[in-house]
Amino acid sequence: MSANWKNRLLEHYRDHARDLPWRVRPGSNRRPDPYHVWLSEVMLQQTTVATVTPRFARFIEKWPEVSDLASASREVLLAEWAGLGYYARARNLHGCAQQVVALGGFPEDEAGLRELPGIGAYTAAAIAAIAFDADSVPIDTNVERVVARIEGIEGPLAETRSEVHDAARALWPKERAGDFAQAMMDLGATICRPKTPRCGECPVSGDCAAFATGAPEAIPAPKVRKARPERRGTAWWIERDGAVWLVRRPAKGMLGGMAALPGSEWTDGAWPEEPEQAVRHVFTHFALTLAIEPRDVPPEGEGWWQPIDRIDEAGLPTLYAKVVEAMTLVS
DNA sequence: AATTCGGGGGA
DNA sequence: TCCCCAGAATT
């Protein structure tokens with residue numbers, strides 16, 4: 001047992017690392033595939049490991065190399081992303097893959113990676129450290145929470161973020177920065193959890209200021225949450241010969257570029273009359289109740305007839321998948 | 001500095 | 001129900 005908490009953390013990581021498909025074993029001589037590291041990091045932005053794991057496998061099976069992803073069509077890529085949310089990630093993923101191919105490979109330093117679409121401060125540092133063994137400091141919410149607790153930095157992260165980041169950069173080791181990052185993230189995900197930390201299993205609790213207070217879960221302070229507005233809208237269900245009329249949403253904004261059912265705008269007001277059928281879907285910053293209105297004739301504009309028995313191939317985001325679910329349960 | 005972007009796992 | 005997740009881009 002090492003006296004230094006950073007070494008104890010790395011030893012704990014060596015013995016208890018989560019076995020994730022985009023990883024190599026800690027201490028391995030091999031480096032992970034930069035394509036795998038990049039794809040997993042983008043998928044994991046605001047998305048849990050449990051959700052990402054099966055979707056990552058499907059992407060790699062479908063597009064084994066970054067060049068395969070670059071040459072895929074935008075529509076097919078978005079359809080494969082359907083249900084994962086934050087669809088700007090999928091649009092940027094496509095552009096990023098094409099730039100990487102044009103560059104002849106991934107940039108190996110943080111600054112080069114940061115230039116690519118969909119790669120921000122965290123992801124650039126993570127790829128540089130994990131794939132290329134750079135001494136960068138990837139700070140995600142796990143790292144923020146673990147550092148805030150070890151250092152005893154109280155208050156909501158919105159107020160303490162710069163202090164926490166300074167502390168993280170100060171304590172981060174120059175060697176094995178990628179292993180240290182993954183060790184910190186595993187600790188945050190499995191032991192140093194937001195609500196009920198398992199300090200009894202933690203290899204560094206003896207060096208943790210939050211543990212010493214007796215209420216480690218109180219750091220960081222919970223964020224103040226805004227109320228979620230209610231919105232309403234209508235989706236048109238236009239069915240003919242076993243097919244339904246779909247449209248593609250505008251490239252930017254909510255569900256940008258995704259396949260969708262046609263319909264009205266979403267507004268704060270009520271409907272003229274209460275709908276017979278509706279689905280409810282909760283987004284991060286508003287909740288939507290979407291009335292389903294059967295129609296006979298497609299609206300003006302682009303669209304296509306999608307066979308309902310092959311609706312999966314359209315790649316509908318979850319909101320519209322719920323509508324399809326509701327309409328096909330009836331018949 | 002605030003807001004906009006999805007969705008689901010797990011308590 | 002509610003919280004939170006390997007954040008980025010835009011305003």
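- DNA chain C is contacted by both A/Leu20 and A/Asn92; A/Leu20 maps to the nucleotide lying nearer its 5′ end (nearest heavy atom per residue).
- Residue contacts for A/Pro317: at a heavy-atom cut-off of 4.0 Å it reaches the sugar-phosphate backbone alone, with no base atom in range.
- Nucleic acid contact class of A/Thr51 (heavy atoms, under 4.0 Å, all strands): sugar-phosphate only.
- For A/Tyr87, whose side chain is taken as the heavy atoms from C-beta onward, the closest listed nucleotide among B/dC5, C/dG7, B/dG7 is B/dG7.
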### Query
Going through the distances and angles, do A/Trp271 and A/Glu273 end up as a side-chain hydrogen bond (donor to acceptor under 3.5 Å, both in side chains)?
CA-CA 5 Å; A/Trp271 299 285; A/Glu273 50 192 88; over 6 Å; no

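- With hydrogens and angles ignored, a donor-acceptor pair under 3.5 angstrom links the side chain of A/Arg18 to the base of C/dA6.
- Comparing B/dG6, C/dA8, B/dC5 by their closest approach to the side chain of A/Gln46 singles out B/dG6.
- The partner of B/dG6 is absent, by the rule that a Watson-Crick or G-U pair needs both atom distances under 3.5 Å.
- Along DNA chain B, the nucleotide nearest to A/Lys226 and the one nearest to A/Gly83 differ in position, and the one closer to the 5' end is contacted by A/Lys226.
- Side-chain N/O atoms of A/Thr141 and base N/O atoms of C/dG7 include no donor-acceptor pair closer than 3.5 Å.
- Nearest-nucleotide positions on DNA chain C place A/Arg145 closer to the 5' end than the other of A/Arg145 and A/Ala124.
- A/Ala158 comes within 4.0 angstrom of nothing in the nucleic acid, heavy atoms only.
- Between A/Trp266 and A/Phe286, the angle of the ring planes lies from 30° to 60°, which puts this pair in the tilted group.
- Nucleic acid contact for A/Thr196: none, since no nucleic acid atom lies under 4.0 Å from a heavy atom of the residue.
- One donor-acceptor pair, N or O on each side, does fall under 3.5 Å between the base of B/dG6 and the side chain of A/Thr284.
- Here, B/dG8 and C/dA9 have their C1' atoms 23 Å apart, quoted to the whole Å.
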